[in-house]
Amino acid sequence: MTHPLTAITRHLGSIAYGGDYNPEQWPKEVWREDVRLMQQAGVNLVTVGVFSWSRLQPQPGVFDWSLLDEVLDLLHDHGISVDLATPTAAPPPWFTRLHPDARPVTVSGNRLAHGSRQVFCPSNPAYAEAADAIVTELATRYADHPAVVLLHVHNEFGNHNALCYCDISAAAFRTWLRGRYISLDALNDAWGTDFWGQRYGDWQEIDPPRDTTAFRNPGQDLDYRRFSSDALLARYRAEAALLRRIAPGIPLTTNHLGTLEKKVDAHAFAAECDLVSLDHYLPAADPDGHIDLALNADLARGMAAGRPWLLMEHSTSAVNWQPINVAKRPGEMRRNSLAHLARGADGIMFFQWRQSRAGAEKWHSAMLPHAGTNSRVWDEVCKLGADLTILGEVTGTRVEADVALIFDWHSWWALELEARPSVQMRYLDMVRDWYEALWTLNITCDVVAPGSDLTRYKAVLAPNLYLLSEEHADALTRYVSGGGHLAVGCFSGVVDAHDRVHLGGYPGVLREVLGLHIDEYLPLRDGDTIQLSDGSTAALWAERVEPRGCTPILHFADTPDGGPACGGPVVTRHAFGEGTSWYVATRPSVTTLRDLVRHISLEAGLRAAAEVPEGIEAVRRSGPDASYLFLVNHTDDSVKVPVEGVDLLDATGYGSTTEIPAGGVAVIREPQPDQQR
Ligand code: GAL
């Protein structure tokens with residue numbers, strides 16, 4: 001069956017290109033200029049209506065479609081398709097006035113005021129009723145509009161309001177808990193409530209984990225995260241059910257923020273979308289923000305199970321919500337866009353089409369900046385549109401990865417609850433280290449949820465699995481015994497789904513597959529480093545590892561600067577069944593980790609997408625007729641790369657060498673992919 005995004009790109013005739021379009025911010029005269037300039041830039045898809053609830057329903061029960069009627073027709077007349085969003089992320093002021101108790105309440109009991117977006121409690125029934133009503137009316141009106149090719153549910157579920165601690169949420173939490181545990185005994189057992197005398201005798205005694213005197217119960221805290229994510233998922237489902245009933249032929253998506261959003265389990269939402277869409281914003285403080293980009297793109301593709309996905313939002317230049325909002329350098333937006341494309345995106349979209357004149361995001365870049373068309377950003381937007389037209393033939397091709405990296409929101413939540421061994425062990429740091437090792441080796445990976453089918457991967461990396469259920473541990477064990485290569489980072493396999501320790505020695509449910517036993521975790525003091533036996537330096541963490549079948553391949557230095565586990569194993573290898581597992585009992589330098597990953601890759605038979613000089617990112621998309629090698633030059637010099645083929649963009653070829661200009665991108669069409677890989 002044709003994937004819904006492929007059906008859309010076929011309809012568009014190319015890669016989807018555009019952004020959020022908010023015509024309600026502008027007088028009508030501007031709309032005509034908008035569509036003319038969209039055509040000039042090659043825009044073929046825009047997201048409409050994301051925050052327009054107060055325009056579409058100016059009063060309770062009163063709907064006004066004049067704006068959308070005109071805008072959708074105008075877009076359609078100019079050949080621009082529409083991703084129609086439900087406006088439910090921005091309840092109107094009249095709604096809050098009628099339902100002041102629908103405003104979310106913070107952990108410390110402060111009820112938030114109206115005045116921004118997502119001002120609603122995810123569990124509030126009045127909100128649900130109002131949201132369902134506007135979604136029903138919107139879908140009924142536009143289900144058959146010829147411009148609409150995609151429906152966009154809400155916007156970034158949970159971005160601002162995921163965790164609400166009001167009394168309505170408390171009641172909904174109790175209902176959710178009853179569904180999960182059935183009996184209070186089971187709940188008391190799961191949460192370990194006999195500690196600190198917290199045993200519950202009645203469901204009504206249970207509250208959200210609000211601010212309290214000392215540490216909260218971790219099982220309760222963790223379940224509140226799950227409940228809160230599920231409350232938003234229930235809202236997704238409610239809207240999706242209405243849209244599917246009223247507009248059955250139009251695919252659904254909801255945009256998520258990838259690793260930028262801790263509070264919702266994006267895997268759960270992606271599993272229920274017809275196509276996966278990602279919003280990604282470069283962390284400006286990170287000089288290697290393009291690695292964060294690649295990680296998130298690979299996460300989106302992992303969620304899409306390898307199928308094409310849509311980059312729903314990124315920025316042409318600076319954002320306005322980081323502490324210092326650095327403008328993108330010339331060419332950077334294009335590199336970012338093409339790097340997403342390389343990793344399987346079949347659409348490149350931005351927040352937003354026209355930079356706002358007023359409001360909270362007027363200092364956020366857009367496709368059409370305040371300066372208008374006489375600007376660097378506009379020139380680059382038009383150039384990118386032209387490039388994407390040239391690259392249209394890559395749509396529908398797939399990125400093939402032989403290695404998976406496991407990413408889990410539940411483990412992230414659990415690792416960063418209160419009262420852990422070290423507040424400096426942060427989930428994303430661990431993930432980033434391991435991902436960066438792969439990225440620098442140009443080994444493409446799928447970033448996947450635990451419990452995913454791993455059988456097709458030659459290797460699996462698990463940077464951190466602090467929380468690991470027996471079921472998922474068994475799957476990893478079977479994967480290795482069946483011939484897979486598994487590498488696991490420190491402080492993994494420690495607790496079950498309720499944050500209860502797997503007893504009998506660490507790393508609990510991974511002891512057998514890793515062939516080792518750990519009796520103590522040994523976090524390091526702030527700023528301390530330790531030496532490893534190869535002369536490299538590690539940080540953050542040590543463990544006392546006793547081999548029970550594994551072979552140590554690196555040790556903590558056998559001197560006092562080897563730290564609290566000096567002389568003991570730090571990296572181990574275990575032949576298990578038909579496969580092999582590795583364990584890393586510290587936070588090594590990225591260089592050491594890269595060497596280890598290179599070693600594992602050799603054993604597992606992983607290959608780089610291409611052998612290229614440092615600073616060149618290489619990713620391949622393959623299709624039945626051709627494959628495309630994307631080469632992104634992140635350096636300030638032009639670089640010669642030993643690859644052959646037809647470049648579709650910047651590069652110049654000399655025999656078997658391609659030269660990519662500084663900051664440029666080559667997309668090499670390789671006519672016989674099977675022979676080249
Ligand atoms: C996204 C959001 C957009 C806009 C953008 C700014 O998170 O969906 O509406 O606010 O951030 O970067």
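Numbering of ligands and ligand atoms starts at 1, following listing order.
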Is E24 reaching over with its side chain to a backbone N or O of L67, donor-acceptor style, under 3.5 angstrom? no

Looking only at atom types and distance, does a side-chain atom of S52 sit under 3.5 Å from a main-chain N or O of R55, one as donor and one as acceptor? no

Enclosure of K362 NZ (heavy-atom neighbours >12, cutoff 6.0 Å): yes

Heavy atoms from other residues, nucleotides or ligands near CG of D77 exceed 12 (cutoff 6.0 Å): yes

If we check salt bridge (charged side-chain N to carboxylate O under 4.0 Å, His left out) with D446, which of these qualifies: R301, R307, R343? R301

Need the ligand 1 atom indices (1-based, order shown) with element for anything under 4.0 Å from a heavy-atom of [X].
{"X": "E156", "answer": "1 (C), 2 (C), 7 (O), 8 (O)"}
{"X": "N155", "answer": "2 (C), 8 (O), 9 (O)"}
{"X": "N159", "answer": "7 (O)"}
{"X": "F51", "answer": "9 (O)"}

Testing V667, L649, V399 for side-chain contact (heavy atoms from CB on, under 4.5 Å) with F630, which one passes? V667

What protein heavy atom sits nearest [atom], and how far off is it?
{"atom": "atom 10 (O) of ligand 1", "value": "E361 OE2, 2.4 Å"}
{"atom": "atom 6 (C) of ligand 1", "value": "H364 NE2, 3.1 Å"}
{"atom": "atom 1 (C) of ligand 1", "value": "E313 OE1, 3.0 Å"}

At a 4.0 Å cut-off, with the gap strictly under it, does some heavy atom of R117 reach an atom of ligand 1? yes

Does any non-hydrogen side-chain atom of E380 lie less than 4.5 Å from one of K328? no

Side chain, backbone, both or neither: V50 near ligand 1, heavy atoms under 4.0 Å: neither

